[in-house]
2 protein chains.
Amino acid sequence: MLYRNIMHSPHAPAPHHDHDHCIADALTRADALCAERGARLTSLRRRVLELVWNSHRPRGAYAILEDLSQQDGKPAAPLTVYRALEFLVEQGLVHRIESLNAYVGCAAPGAVHSGQFLVCAACGNAIEIDDPRIRSAIDATAAEHGFRVQRPTVEVRGLCPECQEKVP
Amino acid sequence: MLYRNIMHSPHAPAPHHDHDHCIADALTRADALCAERGARLTSLRRRVLELVWNSHRPRGAYAILEDLSQQDGKPAAPLTVYRALEFLVEQGLVHRIESLNAYVGCAAPGAVHSGQFLVCAACGNAIEIDDPRIRSAIDATAAEHGFRVQRPTVEVRGLCPECQEKVP
DNA sequence: TGCATGATGTTACGATATAACATCCGTTTG
DNA sequence: CAAACGGATGTTATATCGTAACATCATGCA
């Protein structure tokens, strides 16, 4: 039932899905979006985006930095990566997972969504969701408190279906 | 006597509420809860809790560390504070605000609640809420994804009513 | 061509957090 | 009481995450 939906959702990939295709898709969408917006997806930024998409697990800035350094054969500076990530986050191509100090590729860039994640404590995968019930509940309670919402952050730590089976 | 920020929060509605009373209440509740549980609220842990409650704004571990060092006249080590905070968070006396890497006193320790905050980008106050609609929306969407919830984190960045008036 | 602007490089540093191991101190137990 | 035990705290060092300030490069455009 719903489990199957997960398996076929781009947000929660099957364990052995074609991840090269995932990456290629993400880059293609990013190219299109940036062209449309007149944003400059430079070579460096594109490379960083590709490294973020290296897995569906949020990755730390320094992990990406290492990859970048290894590719180039010489060490890159942290700022190099942080600046690229800042651009990517601004463009909605990448999300920052606050509770992990890490970054993950956005599953649906361009679409309006509010940064909601199911983060598996075991495998580290971050499943991006966009549940209007959560969003509207947040908007409602904020309104009741006279609070003006700018950026809602929802990060649910727990166990994904696969990891529940492994460690019940 | 330490300097204290007197901030407006739903738990202290008046802009110039009696914050000493806030702190005293928090400590009393902490004493009772820990006694009830057989948890050891040692002198150090109690002092750290008091320093967290110094304002209604989330405070960084190193800010607390400085206060502690100043009180003692000699520098304390980071671990001293981190270990105390770890205990306090475990006991539900303090919450960690992930998006700020900071800690704030729990408004209703002992009660079941799920860590939801309205964080003002201007004044820095963190208003703790416990909206069952948010929680049940999270539970529902998690269930639909076959995800087992361990710890939901909801941190809504925005502007509190007072700061909206100041900077509209 | 040369300027304006944004992107990237370089160096240094600040902020946040933990590892590994030693010591203290209250409680239990012989 | 003393010895053993275990949790709390102290000490030192280091890992991890993030930014400031300023220089240089690249790209598009007048």
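Proteins get letters first, then strands, A, B, ... in listed order; numbering begins at 1 in each. Note that the structure is a prediction, hence the values are computed from the model and not measured.
Contacts between chain B and DNA chain C, taken as any atom within less than 4.0 angstrom of a protein heavy atom, begin and end at C/dT16 to C/dA20.
In this structure, B/C22 and B/H56 approach most closely via the heavy-atom pair SG-NE2, 3.6 Å. The minimum heavy-atom distance between A/F117 and A/A126, with the atom names listed, is CD2-CB, 4.2 Å. Of all non-hydrogen atoms in B/L65 and B/A77, the two that sit nearest each other are CD1-O, 3.4 Å.
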Tell me, with the steps shown, if B/E128 and B/C106 meet side-chain contact (heavy atoms from CB on, under 4.5 Å). CA-CA 8 Å; B/E128 183 170 359; B/C106 174; 3.9 Å; yes
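Taking the six-membered ring where the residue is Trp, A/Y82 and A/Y62 present perpendicular rings, their angle passing 60° and hence far from 30°.
With hydrogens and angles left out, the side-chain atoms of B/R96 and B/Y103 include a donor and acceptor closer than 3.5 Å. Residues B/E155 and B/S99 bring a donor and an acceptor atom of their side chains to less than 3.5 Å of each other.
Between the CZ atom of A/R40 and the P atom of D/dC29 there is a distance of 10 Å, rounded to whole Å. In this structure, B/L65 atom CG and D/dT11 atom P are separated by 13 Å, rounded to whole Å.
A/R83 comes within contact range of at least one nucleobase, with a heavy-atom separation under 4.0 Å.
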Dump the pairs, protein N or O against N or O of nucleotides 12-20 of chain D, anything under 3.5 Å, distances to one decimal.
unit_1 : atom_1 : unit_2 : atom_2 : d
D/dG18 : OP1    : A/R96  : NH1    : 2.8
D/dG18 : OP1    : A/R96  : NH2    : 2.6
D/dG18 : OP2    : A/Y82  : OH     : 3.0
D/dG18 : O5'    : A/Y82  : OH     : 3.4
D/dG18 : N7     : A/Y62  : OH     : 2.7
D/dG18 : O6     : A/Y62  : OH     : 3.4

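Note on B/L100 and B/L85: separate hydrophobic clusters, where clusters join Ile, Leu, Val, Met, Phe, Trp and Tyr whose side-chain heavy atoms are under 4.5 Å apart, directly or indirectly.
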